[in-house]
Amino acid sequence: MLRKDFIATPYQVLEARAAGADLALLIVAGIEPKVLKELFALITELGMTPLVETHSADELEAAIDLGAPLIGVNARDLKTLELDRDLFGRLVDRIPSDAVKIAESAVMVPADVAHYRSAGAMLY
């Protein structure tokens, strides 16, 4: 179970664990780097898996620096709310081979799934 929320505090991580979550979403754009590292460490210490969501090459580097096992590339620009369904394809080659590559947003029809799959998103 994933806690899909704007997690910004350790308390939220503890709530997620208490509720039985296996994963917790960390949105790089919404968390200061120091806090991101602290939350990532806490999630890991509690036996959960952090899903680190990115929206740009710089944010992707932050996820890689953390050693994130699950890296999401969200096609939605948080400032304009516009979708760029090709963002994942531009960034996927930078994601380490041992990380699960997740394409987020702009998935509305089966052709969108095929588009992301052809760009390197993993299907489970």
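Along the sequence shown, residues carry numbers from 1.
- Closest heavy-atom contact between Phe40 and Pro50: CE1-CG, 3.2 Å.
- For the atom pair Ser105 OG and Leu87 CG, the distance stands at 10.5 Å (nearest 0.5 Å).
- Contact record, Gly120 with Phe88: C-CE2, 3.8 Å, taken as the closest heavy-atom pair.
- The CG atom of Leu23 sits 7.0 Å away from atom CE of Met48, with the distance rounded to the nearest 0.5 Å.
- The side-chain heavy atoms of Asp86 and His115, taken from C-beta on, include a pair separated by under 4.5 Å.
- Looking only at side-chain heavy atoms (C-beta outward), Leu81 and Arg76 come within less than 4.5 Å of each other.
- Partners of Asp5 under the salt bridge (charged side-chain N to carboxylate O under 4.0 Å, His left out) rule, at least two apart in sequence or in another chain, are Arg3.
- Criterion: ILVMFWY side-chain heavy atoms under 4.5 Å apart, direct or through other members. Under it, Leu46 and Met1 are not part of a common hydrophobic cluster.
- The distance from atom CG of Leu83 to atom CE of Met108, rounded to the nearest 0.5 Å, is 5.5 Å.
- Leu25 and Leu36 are assigned to two separate hydrophobic clusters, defined by single-linkage of ILVMFWY side chains at heavy-atom distances under 4.5 Å.
- Between Leu60 and Ile95 there is a side-chain heavy-atom pair separated by less than 4.5 Å.
- Residues Leu66 and Val35 share a hydrophobic cluster, clusters being chains of Ile/Leu/Val/Met/Phe/Trp/Tyr side chains in contact below 4.5 Å.
- Rounding to the nearest 0.5 Å places CD of Glu38 at 11.5 Å from OG1 of Thr9.
- By the 4.5 Å heavy-atom criterion applied to side chains, Thr54 and Asn74 are not counted as neighbours.
- To the nearest 0.5 Å, the span separating CG on Leu91 from CD on Glu59 amounts to 10.0 Å.
- Between Val28 and His55, the closest side-chain pair of non-hydrogen atoms is not below 4.5 Å.
- No side-chain heavy atom of Val52 sits under 4.5 Å from any side-chain heavy atom of Leu70.
- Here CZ of Phe6 is found 11.0 Å from CD of Gln12. Values are rounded to the nearest 0.5 Å.
- When all heavy atoms of Ile7 and Ala24 are compared, the closest pair comes out as CD1-CB, 3.8 Å.
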Taking it one step at a time, do Lys37 and Leu26 satisfy side-chain contact (heavy atoms from CB on, under 4.5 Å)? CA-CA 10 Å; Lys37 289 178 185 176; Leu26 295 176; over 6 Å; no
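- Between Val100 and Ile71 there is no side-chain heavy-atom pair separated by less than 4.5 Å.
- With sequence neighbours left out, Ser56 forms a side-chain hydrogen bond (donor to acceptor under 3.5 Å, both in side chains) with no residue at all.
- Two residues are said to be in side-chain contact when any heavy atoms from C-beta on lie closer than 4.5 Å; Ile43 and Thr49 fail this criterion.
- With hydrogens and angles ignored, the 3.5 Å screen pairs a side-chain donor or acceptor of Lys101 with a backbone N or O of Pro96.
- With hydrogens and angles ignored, the 3.5 Å screen pairs no side-chain donor or acceptor of Arg85 with any backbone N or O of Asp112.
- Between Asp84 and Arg90 there is a salt bridge, with a side-chain nitrogen of the basic residue lying less than 4.0 Å from a carboxylate oxygen of the acidic one.
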